[in-house]
Amino acid sequence: MNQKLSREFYLSKDTIQIARSLLGKLIVVLDENGQRVSGMIVETEAYLGEGDRAAHSYGGRRTPRNEIMYGPAGHVYVFFVYGMYNQFNVVTGPADHPHAILIRGVEPVEGIEIMRERRGPMKDRNLTSGPGKLCIALGIDRRLNGEDLLDDRVWLENNREFAGDEIAVGKRIGIDYAGEDAGKALRFWVADNQYVSQNRER
DNA sequence: TGTCCGATTGGT
DNA sequence: CCAATCGGACAG
C-alpha cells in the first residue's frame with residue numbers, strides 16, 4: 001500500500017498531470033533519530049521549463065543553483081529565497097527538460113510533535129500551510145538539494161487520490177514578474193483543505 | 001566586487 | 001502594509 005513512488009511516476013506523464021496527481025501523496029523525511037516525519041501534499045505549482053517566464057530555467061538559464069532541474073526526473077530541487085526560507089520542488093520530465101513542481105502545502109501526518117517543536121508555538125493549521133513553512137516542519141533545507149527520491153533520505157509514497165471537483169485550479173503565487181505566464185492556471189490544491197497556503201490574493 | 005531582488009512569512 | 005535577511009544572478 002504505502003510504497004515509494006517509482007521513477008516511472010516522475011517520467012510517465014507531463015508536468016501538469018504530475019502536479020495534479022501529487023495531491024494526496026505523502027512526503028516522508030527521516031529526522032535525526034531515523035523517525036518518519038511526513039505530510040500529505042495538498043497544494044502544488046507546475047514550473048514548465050525554458051518557455052515559462054516564472055521558472056528559474058526560463059530561457060535556458062542554467063546556473064549552479066538550478067542545475068538539478070536539468071537532471072533526471074525524480075530528484076529534489078531545494079532553493080533558498082528571501083534570506084530565510086527554503087522551497088521544496090520535485091524535478092519532472094526527461095533530462096535537459098528543466099521542469100519542476102513546487103510543493104506549497106502539506107497536511108501533517110506523522111511526527112506532528114516534531115513539527116510543532118521545529119515551528120514553535122502556533123496553531124496547527126500554520127504548521128505546514130506554505131512552501132517555506134513545510135520545509136521548516138519537515139526539516140528540509142539545501143542539504144537535500146539533488147537528492148534522489150528513490151533513495152532513503154526523502155521520498156514520496158502513495159497515500160490517497162483526489163479527482164474531479166476535489167481539486168481546485170488557479171494562478172501561481174508570488175510570480176507577478178512573469179508577464180502573461182503569471183496568469184496561467186498552474187496551481188493545484190485540494191479544495192477546502194486547511195493546509196493550503198494562506199494566499200493573500202484570489 | 002557591487003547592486004538589486006526574490007516561487008515567503010509573521011507581525012503592525 | 002511592511003520589514004526581515006542573505007544568496008544568487010548579472011552588470012561592470
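Residue numbers start from 1 in every chain, and the chains themselves are labelled A, B, ... in the order their sequence lines are given, proteins ahead of strands. No hydrogens, no waters, no symmetry mates; every other heavy atom, side chains included, goes into these values.
The neighbour count for A:Arg143 CZ, taken as heavy atoms of other residues, nucleotides or ligands under 6.0 Å away, does not exceed 12.
The separation between A:Glu67 atom CD and C:dG7 atom P is 21 Å, rounded to whole Å. Atom CD1 in A:Ile140 sits about 16 Å away from atom P in B:dT8, given to the nearest Å. In this structure, CZ of A:Arg53 is placed 15 Å from P of B:dA7, rounded to the nearest angstrom. Note: CE (A:Met122) to P (B:dT9) measures 11 Å, nearest angstrom. Distance A:Asn86 CG to B:dA7 C1': 13 Å, rounded to the nearest Å. Summarising the geometry, the separation between CD1 on A:Ile136 and P on C:dT5 is reported as 14 Å, rounded to the nearest angstrom. In this entry the distance linking CE of A:Met84 with P of C:dT5 reads 6 Å, nearest Å. Put simply, CG on A:Asp141 is 14 Å from C1' on C:dG7, counting in whole angstrom units.
Here A:Thr63 does not reach the OP1 or OP2 of C:dG8: none of its side-chain N or O atoms lies under 4.0 Å away. Taking side-chain N and O atoms only, A:Arg61 has no distance below 4.0 Å to OP1 or OP2 of C:dG8. Between A:Arg65 and the phosphate of C:dA9, there is a side-chain N or O to OP1/OP2 separation shorter than 4.0 Å.
When heavy atoms are screened at a 4.0 angstrom cut-off, A:Arg119 is found touching the sugar-phosphate backbone but no base atom. Within the 4.0 angstrom heavy-atom criterion, no nucleotide atom of any strand lies near A:Glu45. Contact annotation for A:Arg142: backbone-only contact, meaning every heavy-atom pair under 4.0 Å involves sugar-phosphate atoms and none involves a base.
Checked by atom type and distance alone, the side chain of A:Asp181 pairs as donor or acceptor with a backbone atom of A:Arg53 at under 3.5 Å.
Linking ILVMFWY side-chain heavy atoms closer than 4.5 Å, directly or via other members, places A:Ile136 and A:Met122 in two distinct hydrophobic clusters. A:Met40 and A:Leu102 fall into different hydrophobic clusters, where Ile, Leu, Val, Met, Phe, Trp and Tyr side chains are chained together by heavy-atom contacts under 4.5 Å.
Remark: ring of A:Tyr82 overlaps the six-membered base ring of B:dT8 in a stacked fashion, centroids less than 5.5 Å apart, planes less than 30° apart. The ring of A:Tyr47 lies on top of the base of B:dA7, close enough and flat enough: under 5.5 Å between centres, under 30° between planes.
Nearest-nucleotide mapping onto DNA chain B: of A:Phe80 and A:Asn126, the residue sitting toward the 5' end is A:Phe80. Place A:Lys133 and A:Asn89 on DNA chain B by their nearest nucleotides, and A:Asn89 ends up nearer the 5' end.
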- Item | Chi angles and distances behind the side-chain hydrogen bond (donor to acceptor under 3.5 Å, both in side chains) call for A:Arg125, A:Gln198 | CA-CA 10 Å; A:Arg125 65 169 293 144; A:Gln198 308 299 303; 3.3 Å; yes

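Across the strands present, B:dG10 finds its partner in C:dC2; the criterion is a Watson-Crick or G-U wobble pair with both atom distances under 3.5 angstrom.
Comparing the same atom, P, in C:dT5 and in B:dG2 gives a spacing of 22 Å after rounding to whole Å.
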